[in-house]
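All values derive from a computational prediction rather than experimental measurement.
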Amino acid sequence: MEKTRLTPIRFLVDLLLELDRIVGQGQRSKFIIEATQKELLRLKQKKALQSAAGVFKKEDYPGFAEPEDVSSWVRRLREEAEARRRKIFDH
């Protein structure tokens, strides 16, 4: 079992009432923990993206010079993946 710690948190009364109404009072902690985990992951990903910004230079990747080039590349990847999926599952 994971270690836990009880910690008091202040909520706006209206927010707490809505939380209980939607997820149920017995599910409050579980919901808050999952929401916190999701938001922390989002913030970590945002920080990672910000730190990686500018790593790729246009002159190093001329095939991706324009947004349309990137879109074409992504479309090709998706088509290739779909073709592999069909080959495996649609005998």
Side-chain angles (χ1 to χ4, degrees):
M1 175 178 251
E2 291 187 60
K3 286 177 59 173
T4 62
R5 180 180 298 167
L6 184 62
T7 184
I9 299 174
R10 291 185 184 269
F11 274 86
L12 296 171
V13 173
D14 290 344
L15 182 61
L16 194 56
L17 291 172
E18 185 176 12
L19 176 64
D20 288 344
R21 182 177 58 77
I22 293 174
V23 301
Q25 196 168 354
Q27 298 297 312
R28 188 190 288 172
S29 291
K30 181 180 182 231
F31 180 86
I32 293 170
I33 289 167
E34 289 174 358
T36 302
Q37 289 171 327
K38 287 177 186 176
E39 183 62 11
L40 285 172
L41 177 60
R42 188 190 71 78
L43 290 172
K44 288 177 188 177
Q45 290 172 336
K46 180 180 177 183
K47 186 176 181 180
L49 287 171
Q50 288 172 336
S51 69
V55 171
F56 297 104
K57 307 286 186 238
K58 277 188 176 183
E59 57 272 9
D60 295 334
Y61 298 91
F64 295 149
E66 300 299 326
E68 297 81 21
D69 300 331
V70 177
S71 294
S72 294
W73 177 72
V74 170
R75 194 170 23 266
R76 278 194 314 275
L77 283 179
R78 289 177 179 163
E79 288 168 356
E80 291 169 5
E82 179 60 18
R84 283 192 303 275
R85 187 201 64 76
R86 278 195 209 106
K87 184 177 180 182
I88 292 170
F89 296 108
D90 297 344
H91 298 306

| Joint hydrophobic cluster, Ile9 plus Leu15, side-chain heavy atoms closer than 4.5 Å |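 Yes, Ile9 and Leu15 fall within the same hydrophobic cluster.
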| query | In terms of hydrophobic clustering (I, L, V, M, F, W, Y; side-chain heavy atoms under 4.5 Å; direct or indirect links), are Leu49 and Leu41 co-clustered? | reply |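 In one cluster with Leu49: Leu41, no.
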| Whether over 12 other heavy atoms sit under 6.0 Å from Phe31 CZ |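 Counting other residues, nucleotides and ligands, CZ of Phe31 stays at 12 neighbours or fewer.
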| Donor-acceptor pair, Asp20 side chain versus Leu17 backbone, under 3.5 Å? |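 Checked: no pair found.
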Euclidean distance, [Y] [atom2] relative to [X] [atom1], rounded to 0.5 Å:
| X | Y | atom1 | atom2 | value |
| --- | --- | --- | --- | --- |
| Asp14 | Leu19 | CG | CG | 12.5 Å |
| Ile33 | Gln27 | CD1 | CD | 11.0 Å |
| Arg84 | Ile88 | CZ | CD1 | 8.0 Å |
| Gln37 | Arg42 | CD | CZ | 15.0 Å |
| Ile32 | Leu16 | CD1 | CG | 7.5 Å |
| Glu2 | Thr4 | CD | OG1 | 9.0 Å |

| said: Set out, in order, the CA-CA distance, both residues' side-chain angles and the distance that settles side chain to side chain contact (heavy atoms under 4.5 Å, CB included) for Lys47 and Leu43, then state yes or no. | reply: CA-CA 6 Å; Lys47 186 176 181 180; Leu43 290 172; over 6 Å; no
| task | Flag the pair Arg78 and Glu82 as a salt bridge only when some basic side-chain nitrogen lies within less than 4.0 angstrom of an acidic carboxylate oxygen. | result |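 Between Glu82 and Arg78 there is no salt bridge, as every charged N stays at least 4.0 Å from the carboxylate O atoms.
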| Salt-bridge present (Glu80, Arg76; N to O < 4.0 Å) |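 Here Glu80 does not pair with Arg76 in a salt bridge, since their nearest N and O are not under 4.0 Å apart.
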| query | Run the side chain to side chain contact (heavy atoms under 4.5 Å, CB included) check on Arg85 and Asp90 step by step: do they pass? | reply | CA-CA 8 Å; Arg85 187 201 64 76; Asp90 297 344; 3.6 Å; yes
| said: Could you tell me if the side chain of Leu77 sits less than 4.5 Å from the side chain of Trp73, heavy atoms only? | reply: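 Trp73 vs Leu77: side chains touch.
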| request: Report the residues that fulfil salt bridge (charged side-chain N to carboxylate O under 4.0 Å, His left out) with Arg75, sequence neighbours left out, ordered by chain and then residue number. | output: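 Listed in chain order: nothing, the list is empty.
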